Peer 1: 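Structure in structure tokens, see below.
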2 protein chains.
Amino acid sequence: MKLLIVEDEKELSKSIVTYLKGENYLCEVAVDFKTALEKTESFDYDCVLLDITLPDGNGLNVLKELKADNKTGGVIIISAKNLIDDRIAGLNLGADDYLAKPFHLSELSARIAAVIRRRRFDGNKVLELNELTFDTLAKTVSVNGKGVDLTRKEYDLFLYLVTNKNRVVSKNAIAEHLSGDEADVFDNFDFIYAHMKNLKKKMVLAGCEDYIKSIYGMGYKFDI
Amino acid sequence: MKLLIVEDEKELSKSIVTYLKGENYLCEVAVDFKTALEKTESFDYDCVLLDITLPDGNGLNVLKELKADNKTGGVIIISAKNLIDDRIAGLNLGADDYLAKPFHLSELSARIAAVIRRRRFDGNKVLELNELTFDTLAKTVSVNGKGVDLTRKEYDLFLYLVTNKNRVVSKNAIAEHLSGDEADVFDNFDFIYAHMKNLKKKMVLAGCEDYIKSIYGMGYKFDI
DNA sequence: TACGAATTTGAAGAGATTCTGAATATTCTG
DNA sequence: CAGAATATTCAGAATCTCTTCAAATTCGTA
């Protein structure tokens, strides 16, 4: 899961990033609207945290643009002014949620999770697929009700495959999703092989049918 | 799917090619406009990535020529200058999309897919033809809803035939479309015969009517 | 019908891709 | 800061695909 934090207060963005990393999100920061739009232009973030009170422009216009693309995932507005006007304007322009500063980081995290769930899973916290249960809130995976211990990367990898079920996902896409920086990793997929092996092993061991198919030369497919 | 990347920065073109190969595109590179025009003259690429700021001429004129031919598939302009003027000029001259450097390769890949879809499938991601379903996003083929496992070349071959349905496609054209290098393969179509046989076998086995007709001395036709 | 040319078919080797287990590096946790 | 857990790299093994080859078949034409 990748987030973009649009915020110019370094202190704040730093603590947000630290906290959210702890929640297993990959974070990027934009300190102004221009950068933010460039970034959203070129990557589909799962959620954007948007401080609408930045010096270089009107945040609500930026929100409008984000939503116009219909490309970005969720958008949560964070704003120092907790004026009702802003709130309403924000929601009308399509923000998925609104959070007034100062806020608790745990609250922010919960809102982010909710927004992502709403967009990706129609608001369902739990995904049931045959013997497999995916709890995106608890971040647990279980087979026939019995939990399976996955590492972070394994969980992320699995979730990404499940989110794209019945579609072939390229190793490029997987690599981008799993690696934090926009690092160029397109010529070494060894780490994918490693995680994939471990994930499959754990799942099969837990009694789950092996739904993950390797498509030679193309990628992987969660086939269910 | 075959692309032409017109770009003089070796580093950049190399990483573009590496990435796009991972997405199952066949790529050729031209380092100047002259070479680019020669290449587009002699082959109909699915999409051309055009850096309009190359030393040997005006990129927009090249774009104009490409579009005048109406031969090339899509054209995506990539440019270091993200000036609005360029953008508008580019789109007016018929570029299908525009991407400012630096960009994420995943973004580029998504745009290419979109342009090709728009041109070849009227923007549809899924192609339904009787019992046959072609999902160009999921990269899957199914018969009566049941998936058929095709290899890369089989998928490419099939897609090419379907894209040209009810038209005879020559083995030359197929060969050019399937082979990566600009190698001259025009005297040995054995590999086409092999792929064609395997493809037909798989499809018939999956319960699909054999829509692929061999036209003696001319080529093949996907007849539906 | 018979001939040469084009296509189909089956099999096999070369080459590329993926898997695997172990070694190393990194991150987390107390 | 040390020890544990996790992530990544590496190299060899296993697997799959692509292409080529040769033999069999089909096709068009004489």
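The sequence lines fix the lettering, A, B, ..., with proteins before strands; numbering per chain opens at 1. This is a predicted model, so every value here is computed, not measured.
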Peer 1: For nucleotides 25-30 of chain D, tabulate all protein N/O to nucleotide N/O atom pairs closer than 3.5 Å, reporting atom names and distance.
Peer 2:
residue	atom	partner	partner atom	Å
D:dC27	O2	B:Y216	OH	3.3

Peer 1: Nearest whole Å is fine: how far is C:dG15 P from B:K153 NZ?
Peer 2: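 After rounding, the reported distance stands at 16 Å.
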Peer 1: Roughly, in whole Å, what's the span from CG in A:N188 to P in C:dT18?
Peer 2: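 From A:N188 CG to C:dT18 P: 12 Å.
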Peer 1: Could you check how far CG of A:L150 sits from P of D:dT6, rounded to whole Å?
Peer 2: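 So the two atoms are 10 Å apart, to the nearest Å.
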Peer 1: Can you tell me the distance, in whole Å, between the CG atom of B:D156 and the P atom of D:dT19?
Peer 2: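 B:D156 atom CG is separated from D:dT19 atom P by 11 Å.
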Peer 1: Could you tell me the separation between the CD atom of B:E154 and the P atom of D:dT17, rounded to a whole number of Å?
Peer 2: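 Answer to the nearest Å: 8 Å.
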Peer 1: Look at the side chain of A:Y220 and decide which nucleotide, out of D:dT20, D:dT6, C:dT18, has an atom nearest to it.
Peer 2: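 Of D:dT20, D:dT6, C:dT18, C:dT18 is nearest to the side chain of A:Y220.
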Peer 1: Given D:dT19, D:dT17, D:dA7, which nucleotide is nearest the side-chain atoms of B:F191?
Peer 2: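 Nearest to the side chain of B:F191 among the choices is D:dT19.
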Peer 1: Given B:M203, which partner from the list B:N198, B:I212, B:D210, B:L132 fulfils the side chain to side chain contact (heavy atoms under 4.5 Å, CB included) test?
Peer 2: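 Passing option: B:L132.
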Peer 1: I want to know whether B:Y155 and B:F134 have ring centres closer than 6.0 Å.
Peer 2: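 Yes, the ring of B:Y155 comes within the 6.0 Å limit of the ring of B:F134, centre to centre.
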Peer 1: In terms of side-chain heavy atoms, does A:Y160 have a donor or acceptor partner in A:E176 at a distance below 3.5 Å?
Peer 2: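 Distance-only check fails for A:Y160 and A:E176.
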Peer 1: If only side-chain N and O atoms of A:R152 are considered, is one of them under 4.0 Å from the OP1 or OP2 phosphate oxygen of C:dC28?
Peer 2: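 Yes, such a contact exists.
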Peer 1: Establish, yes or no, whether a centroid distance under 6.0 Å links the rings of B:Y45 and B:F43.
Peer 2: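 Yes; B:F43 has its ring centre under 6.0 Å from that of B:Y45.
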Peer 1: Are any side-chain N or O atoms of A:E131 and backbone N or O atoms of A:E209, one a donor and one an acceptor, separated by less than 3.5 Å?
Peer 2: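 Answer holds: yes.
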Peer 1: Whole Å only: how far is the CZ atom of A:F189 from the P atom of D:dA7?
Peer 2: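 Computing the A:F189:CZ to D:dA7:P distance gives 19 Å.
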Peer 1: When the distance from CG of A:L26 to P of C:dT27 is rounded to whole Å, what number comes out?
Peer 2: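 Computing the A:L26:CG to C:dT27:P distance gives 13 Å.
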Peer 1: Would one find a side-chain N or O of B:T151 under 4.0 angstrom from OP1 or OP2 of D:dC18?
Peer 2: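 Result: yes.
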Peer 1: Side-chain N or O of B:Y193 less than 4.0 angstrom from OP1 or OP2 on C:dT8?
Peer 2: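 For B:Y193, the contact criterion (side-chain N or O under 4.0 Å from OP1 or OP2 of C:dT8) is not met.
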Peer 1: Please check this pair: side chain of A:S170 against backbone of A:G219, looking for a donor-acceptor N/O pair closer than 3.5 Å.
Peer 2: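 Side chain of A:S170 to backbone of A:G219: no pair is present.
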Peer 1: For B:L3, is there any backbone N or O sitting under 3.5 Å from a side-chain donor or acceptor partner on B:D46?
Peer 2: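 The answer is no, because no donor-acceptor pair under 3.5 Å joins these two groups.
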Peer 1: Looking at A:R111 and A:D96, would you say the former's side chain and the latter's main chain have a donor-acceptor pair under 3.5 Å?
Peer 2: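 The answer is no, because no donor-acceptor pair under 3.5 Å joins these two groups.
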Peer 1: So which of residues 195-215 of chain A are in contact with DNA chain D, with a heavy-atom cut-off of under 4.0 Å?
Peer 2: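 Within residues 195-215 of chain A, the residues near DNA chain D are A:H195.
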Peer 1: Roughly how many Å is it from CD1 in A:I192 to P in D:dT8, rounded to a whole number?
Peer 2: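 Roughly 10 Å, once rounded to whole Å.
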Peer 1: Please say whether the positively charged group of A:K139, taken as NZ for Lys or CZ for Arg, lies over the ring of A:Y25, i.e. under 6.0 angstrom from the six-membered ring centre and within 45 degrees of the axis.
Peer 2: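 Yes, A:K139 lies over the aromatic ring of A:Y25.
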